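A quick write-up on the structure given underneath.
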There are 2 protein chains.
Amino acid sequence: MSTLGRGLHGRVLDALGPAITAGEYPPGSVLRTDELAQRFDVSRSVMREAVRVLESMHLVESRRRVGVTVRPKAEWNVYDPQVIRWRLAGADRPQQLRSLTVLRSAIEPVAAGLAAKHATAEQCAELTECALGMVAHSKGHRLEGYLLHDIAFHRVILNASGNEMFARLGDVVAEVLTGRTRHEVMFEDPDPAAVTLHVRLAEAIRAGDAGHAEELTREIAEGALQELDILAP
Amino acid sequence: MSTLGRGLHGRVLDALGPAITAGEYPPGSVLRTDELAQRFDVSRSVMREAVRVLESMHLVESRRRVGVTVRPKAEWNVYDPQVIRWRLAGADRPQQLRSLTVLRSAIEPVAAGLAAKHATAEQCAELTECALGMVAHSKGHRLEGYLLHDIAFHRVILNASGNEMFARLGDVVAEVLTGRTRHEVMFEDPDPAAVTLHVRLAEAIRAGDAGHAEELTREIAEGALQELDILAP
DNA sequence: TGACGAATAAGTCTGACTTTTTCTTGGTGT
DNA sequence: ACACCAAGAAAAAGTCAGACTTATTCGTCA
């Protein structure tokens, strides 16, 4: 899925991106295009393309006579899905997971409220289907199936909100949920309370009850935040 | 500020980016690198770099034997500040302004709540200063000064929230506020009620009252949304 | 229907050249 | 002796042109 080594410059990015976002090159570090090209055994043109991409993500800045300097973390385009993936795969995974969960807790309730107003019949049906799927996979260590329905559930809500900015967070939510399941609590069955909340949320949206949908989503988010606090206090 | 013609490929982007985000090339359109290079009178290497950047923004996809195809809007990296600027400068400016304002209404209340808990004494002082600056420029067509303090105010809150994802939205908020002031109501003085809300919000954060800060921010956001409804119903 | 071959456009590499920015050096004046 | 500025050298990115490779698609023919 990631950069899919689509071309040589993609391979270079798959190596350089994680390294930079992991902080292997501290802010202010200077890289030289030619040296990098040699190190990765690619031509300068290919390396230049890779640098351009890193530059567009605000991970580095390229200046004449000085080289390619790494920018401070505060300037990175942290909403770039690629950057998010790199960081989730690297060292500050916990911090990234936390900030993303806080972001979710801010956005998803509002999105759910909007979804209650704008969701089509088809979207409501999808939502119910996802919720039922979650229930069906909530017992007996069937986390893989549970995860898929959970992701689909939240994605439908974000799409149904009718806001393109919210909709584009579907991938981020998917990454967060996947990361959580795969790396933290892979052994335990999901919290039954959370499952119930999802079912009720689907009902609220179907009923067009924006306030209720918003409140239920807040409870779900609250649970996710507490889960993080338990694992990394 | 934008891409600042930093290099030839930057100039090309300043021309191609707005054109694509404005929908001049409908999704599925095919561009050819060589043809573009000729059109912009640059070498293929420069054009390739530009295409790589557009590709990293998910605006286009480059495939062998077929060319550079424009992706559907739903796949764009709409959180990329550059993409936001391009869209704000283009045709679907109103829609972009609306989705960004909705995004703000979701995030800023939560950010304010967190800021009430985490803001340093220095940040509180800055906040009060900004609020006072807004009051001072709220009468007599001094919108330029008002805008600067408004931007600084919201930026401080987002930074003080302690969440990096929120902090990085400072630029987006700045763009929205600037756009609003410069293109919509440049003649009228700001709503006195909004000014008061900002002052009270600064106080709430200084007092560490998260609930109150959150509620006040919701009211501010509500006002911004209504303003949009009035201008483009 | 499928397989083979031709056409096509992106992808890659190389080498030479330009331009900008920084560092050094040397000279000047106080 | 020190501060300061200007001219030049050096370094690295930036640009270009041309030749070649490779993957993919399309058309043709069996």
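In what follows, chains are A, B, ... by sequence order, proteins preceding strands, each numbered from 1. As the structure is a computational prediction, the values presented were derived from the model and not from experiment.
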Practice problem: Look at the aromatic rings of B:Tyr79 and A:Tyr79 and report parallel, tilted or perpendicular, splitting at 30° and 60°. | Solution: parallel
Self-check item: Polar side chain donor-acceptor pair, B:Thr128 to B:Arg206, under 3.5 angstrom
Solution: yes
Self-check item: Atom pair distance, as rounded to whole Å: CG in B:Leu8 and P in D:dA17
Solution: 11 Å
Self-check item: Rounded interatomic separation in angstrom, taking CZ from A:Arg32 and C1' from D:dA10
Solution: 14 Å
Exercise. Give A:Thr33 one of three labels, base, sugar-phosphate or nothing, depending on what nucleic acid heavy atoms sit under 4.0 Å from its own.
Key: sugar-phosphate
Practice problem: Write down the distance between CZ (B:Arg44) and C1' (C:dG15), rounded to a whole number of angstrom. | Solution: 15 Å
Quiz item: Taking CZ from B:Arg63 and P from C:dT8, how many angstroms apart are they, rounded to a whole number?
Solution: 18 Å
Quiz item: Is B:Val60 close to B:Tyr25 at the side-chain level, that is, under 4.5 Å between some pair of heavy atoms?
Solution: no
Quiz item: What nucleotide among C:dT14, D:dC16, D:dA19 has an atom nearest to a side-chain atom of A:Ser43?
Solution: C:dT14
Practice problem: Find out whether A:Ile84 and A:Asp171 are in side-chain contact, i.e. whether some heavy atom of one side chain is under 4.5 Å from a heavy atom of the other. | Solution: no
Practice problem: Tell me which nucleotide among D:dT24, C:dT20, D:dC16 gets nearest to the side chain of B:Arg64. | Solution: D:dT24
Practice problem: May I have the distance from B:Arg11 (atom CZ) to D:dG14 (atom C1'), rounded to whole angstrom? | Solution: 12 Å
Quiz prompt | Whichever of A:Arg48 and A:Arg65 has its nearest DNA chain D nucleotide further upstream toward 5' | solution = A:Arg65
Exercise. Would you mind reading off the distance between A:Leu31 atom CG and D:dA11 atom C1', rounded to a whole angstrom?
Key: 16 Å
Practice problem: Examine the base of C:dG11 for any acceptor or donor lying under 3.5 Å from a partner atom in the side chain of B:Arg52, and report the outcome as yes or no. | Solution: no
Quiz item: How many Å lie between CD on B:Glu35 and P on C:dA9, as a whole number?
Solution: 10 Å
Quiz item: Thinking salt bridges, do B:Arg52 and B:Glu49 make one under a 4.0 Å N-O criterion?
Solution: no
Quiz item: Looking for any heavy atom pair under 4.0 Å, which part of the strands does A:Ser45 touch: base, sugar-phosphate only, or nothing?
Solution: base
Practice problem: Measure the distance from CE on A:Met47 to P on D:dA12 and round it to the nearest whole Å. | Solution: 16 Å
